[in-house]
Trainee: 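After the structure tokens below, expect a handful of questions from me.
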Amino acid sequence: MRNILFVVILSIAALSGCAGQPLGKEDGGEPLAQCTDVANRKHLNILSINLLFSEIETRDQRLEAIAEFAAKTPVDIILLQEVVGGTLAHTANSALDLQGKLSAKMRDYELYTAFETGLPGLLAVANAVLSRCEIDFKISKRLPRASELEFQGHDIKLSRNVMMARINIPGSGKMNIYNTHLCAKCSADELSAQLDVLLPFVEKVETFFPQDNPVILGGDFNIDRFRTDPFEERPFYDRVIEAGFTDAYAQNRSLENLCADTGQADKHCTVGVSNLDVGDAARRIDYIFVNKTKDVSESRVVFNTLIDPNQPTVSDHAGVFISVALP
């Protein structure tokens, strides 16, 4: 099944040039979520996780494990990458499936999905945000296409995006949440071009929404500070920091000790720590960046199965979880 999906996504990627769109019905009626408890506890819990679109057979169990973690923690905001939908994926929207599993656990989340690449109805991949707080406003921005795959000697340029959801926290005001998935196996110039659009987009949106609450920028950035082949990636990480963001997981930790050995994964790595990517180089490429914050009360990598066998396998990525204090 994975090989079939791989060929199909290659063959239809060139056809996808339309604007972002949801993969399933999400809107209408009263807000599903009213997170009154967030203001009372004075912190917001956020999880970012790449769902691995191509792993169809185990998807239901993997989503169930995420839903269980989110309900017990509890997680207020879930940033999802590689959401999948279409007849070949046997679902309308895997984020919608996760929303349903959370609802079954008496946890209501609003869902915002932003289409990235593929052919809607057949096979499409997206980013998504699930929020226990009402989503007051939402917008997405297409990032420059990048050559990430090769098929029969042809470079296949895939689309990426950054999405923004403005949430309403009762008693604590509005907060802007950004979610993205940057190119993998692309050139330095292509990665730079995506940051050239993403960071000014965030800056421009923020000029329209001045606020006291932190701004969250999370997702799968495909940037590892220690990777130098085929190009040095640290400057791209530094660009995000120079834009005014703090690496929330790295707060009060030494950056030089976070997943520094590609041959030996540790508890800080987000790739090379799953049963679904055994043998991959250990890397830290998934992040939650925050600005305007003085306190990240908790931060950890979750679902890193090979490091902690007691944790479930939910993807070929581990997730990043943080708890950020509200002003």
Side-chain angles (χ1 to χ4, degrees), residues 38 41-50 73 75-79 81 129 131 133 162-167 169 172-182 191-192 194-207 209-227 232-260 266-271 283-302 317-327:
V38 172
R41 55 177 145 90
K42 300 295 184 182
H43 61 264
L44 189 77
N45 296 332
I46 305 166
L47 169 70
S48 179
I49 181 72
N50 181 315
T73 301
V75 177
D76 305 307
I77 304 293
I78 309 176
L79 308 179
Q81 305 87 46
V129 174
S131 174
C133 305
V162 55
M163 58 191 307
M164 175 269 205
R166 183 170 171 82
I167 65 170
I169 305 173
S172 192
K174 306 294 179 66
M175 177 182 286
N176 296 341
I177 311 287
Y178 296 85
N179 180 31
T180 196
H181 186 186
L182 300 186
L191 181 57
S192 181
Q194 292 191 344
L195 286 175
D196 285 345
V197 173
L198 186 153
L199 295 175
F201 170 74
V202 173
E203 182 181 14
K204 184 175 181 179
V205 172
E206 290 308 306
T207 63
F209 297 107
Q211 58 182 328
D212 294 326
N213 279 323
V215 175
I216 308 297
L217 171 60
D220 176 0
F221 287 77
N222 278 307
I223 297 170
D224 182 281
R225 293 181 68 256
F226 296 102
R227 188 162 50 184
E232 185 180 3
E233 298 183 10
R234 184 173 301 195
F236 300 102
Y237 172 93
D238 291 342
R239 284 183 60 182
V240 181
I241 302 302
E242 290 164 2
F245 286 96
T246 297
D247 182 345
Y249 181 79
Q251 192 175 65
N252 300 321
R253 293 185 173 102
S254 170
L255 274 172
E256 303 310 313
N257 294 325
L258 303 183
C259 195
D266 59 35
K267 65 180 182 180
H268 309 297
C269 303
T270 64
V271 171
R283 292 177 286 138
R284 188 172 80 101
I285 63 175
D286 303 84
Y287 302 94
I288 300 176
F289 296 103
V290 185
N291 78 348
K292 299 180 183 177
T293 183
K294 296 181 179 179
D295 182 29
V296 175
S297 58
E298 182 182 1
S299 60
R300 52 193 164 113
V301 173
V302 294
H317 289 240
V320 180
F321 170 83
I322 71 166
S323 182
V324 59
L326 300 174

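All values below come from the heavy atoms of this structure, side chains included, with hydrogens, waters and symmetry mates left out. Sequence positions, counted from 1, serve as the residue numbers for this chain.
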Trainee: With side-chain contact (heavy atoms from CB on, under 4.5 Å) as the criterion, how do Ile77 and Leu47 come out once you've worked through the C-alpha distance, each side chain's angles and the decisive distance to 0.1 Å?
Mentor: CA-CA 6 Å; Ile77 304 293; Leu47 169 70; over 6 Å; no
Trainee: Do His317 and Ile285 have side chains that get closer than 4.5 Å, going by heavy atoms?
Mentor: yes
Trainee: Nearest 0.5 Å, please: how far is CG in Asp76 from CD1 in Ile167?
Mentor: 7.5 Å
Trainee: Considering only heavy atoms from C-beta outward, does the side chain of Arg227 approach that of Arg283 to under 4.5 Å?
Mentor: yes
Trainee: Quick one: CG on Asp266 to SG on Cys259, what's the gap to the nearest 0.5 Å?
Mentor: 5.0 Å
Trainee: Quick check: closest heavy atoms across Lys267 and Tyr249, and the distance to 0.1 Å?
Mentor: O-OH, 3.9 Å
Trainee: Between Gly244 and Asn291, what is the shortest heavy-atom contact and its length?
Mentor: O-CB, 3.1 Å
Trainee: Can you tell me how far apart CG (Asp220) and OG1 (Thr180) are? Round to the nearest 0.5 Å.
Mentor: 9.0 Å
Trainee: Could you walk me through whether Thr73 and Asn45 satisfy the side chain to side chain donor-acceptor pair (under 3.5 Å) test, starting with their C-alpha distance in whole Å, then the side-chain angles of each, then the deciding distance to 0.1 Å, before giving a yes or no?
Mentor: CA-CA 8 Å; Thr73 301; Asn45 296 332; over 6 Å; no
Trainee: Sequence neighbours excluded, which residues qualify as side-chain contact (heavy atoms from CB on, under 4.5 Å) partners of Ala243?
Mentor: Leu199, Phe245
Trainee: So, do Phe221 and Phe289 have ring centers that fall under 6.0 Å from each other?
Mentor: yes
Trainee: Return the minimal non-hydrogen interatomic distance between Val324 and Ile46, and the atom names on each side.
Mentor: CG1-CD1, 4.1 Å
Trainee: Are the side chain of Ser172 and the backbone N or O of Ile169 linked by a donor-acceptor pair below 3.5 Å?
Mentor: no
Trainee: Working to the nearest 0.5 angstrom, can you tell me the gap between Leu44 CG and Ile322 CD1?
Mentor: 8.0 Å
Trainee: Does the side chain of Val290 come within less than 4.5 Å of Leu217's, by heavy atoms?
Mentor: no
Trainee: Using side-chain contact (heavy atoms from CB on, under 4.5 Å), reason through Thr246 and Ile241 one step at a time and then give a plain yes or no.
Mentor: CA-CA 6 Å; Thr246 297; Ile241 302 302; 5.9 Å; no
Trainee: Give me the atom names and distance for the closest heavy-atom approach of Tyr287 to Asp224.
Mentor: OH-CA, 4.1 Å
Trainee: Quick check: are there more than 12 heavy atoms from other residues, nucleotides or ligands sitting under 6.0 Å from CD of Glu298?
Mentor: yes
Trainee: Roughly how far, to the nearest 0.5 Å, is the CZ atom of Phe236 from the CD atom of Gln194?
Mentor: 10.5 Å
Trainee: Could you note down all residue pairs passing salt bridge (charged side-chain N to carboxylate O under 4.0 Å, His left out) where residues 234-252 supplies at least one of them, sequence neighbours left out?
Mentor: Asp196-Arg239, Arg234-Glu256, Asp247-Arg284
Trainee: Less than 3.5 Å apart, any donor N or O on the side chain of Gln81 or Ser48 sitting next to an acceptor on the other?
Mentor: yes
Trainee: Quick check: closest heavy atoms across Val129 and Ala165, and the distance to 0.1 Å?
Mentor: CG1-CB, 4.4 Å
Trainee: Are Ile216 and Asn179 packed together at the side-chain level, in the sense that at least one heavy-atom pair is separated by less than 4.5 angstrom?
Mentor: no
Trainee: Quick check: does any side chain N or O of Arg300 sit under 3.5 Å from a backbone N or O of Val302, one acting as donor and the other as acceptor?
Mentor: no
Trainee: Measure across Pro214 and Pro327 and return the closest heavy-atom pair with its distance rounded to 0.1 Å.
Mentor: CD-CD, 3.9 Å
Trainee: Rounded at 0.5 Å granularity, tell me how far CE in Met164 sits from CG in Asn176.
Mentor: 3.5 Å
Trainee: Less than 4.0 angstrom from a charged side-chain N to a carboxylate O is my criterion; do Asp212 and Lys174 meet it?
Mentor: no
Trainee: Any non-hydrogen side-chain atom of Met163 less than 4.5 Å from a side-chain atom of Tyr178?
Mentor: no
Trainee: Would you call Met175 and Cys133 a side-chain contact if the rule is heavy atoms closer than 4.5 Å?
Mentor: no
Trainee: Would you say that Leu182 contacts Ile223 through its side chain, given a criterion of any heavy-atom pair below 4.5 Å between the two side chains?
Mentor: yes
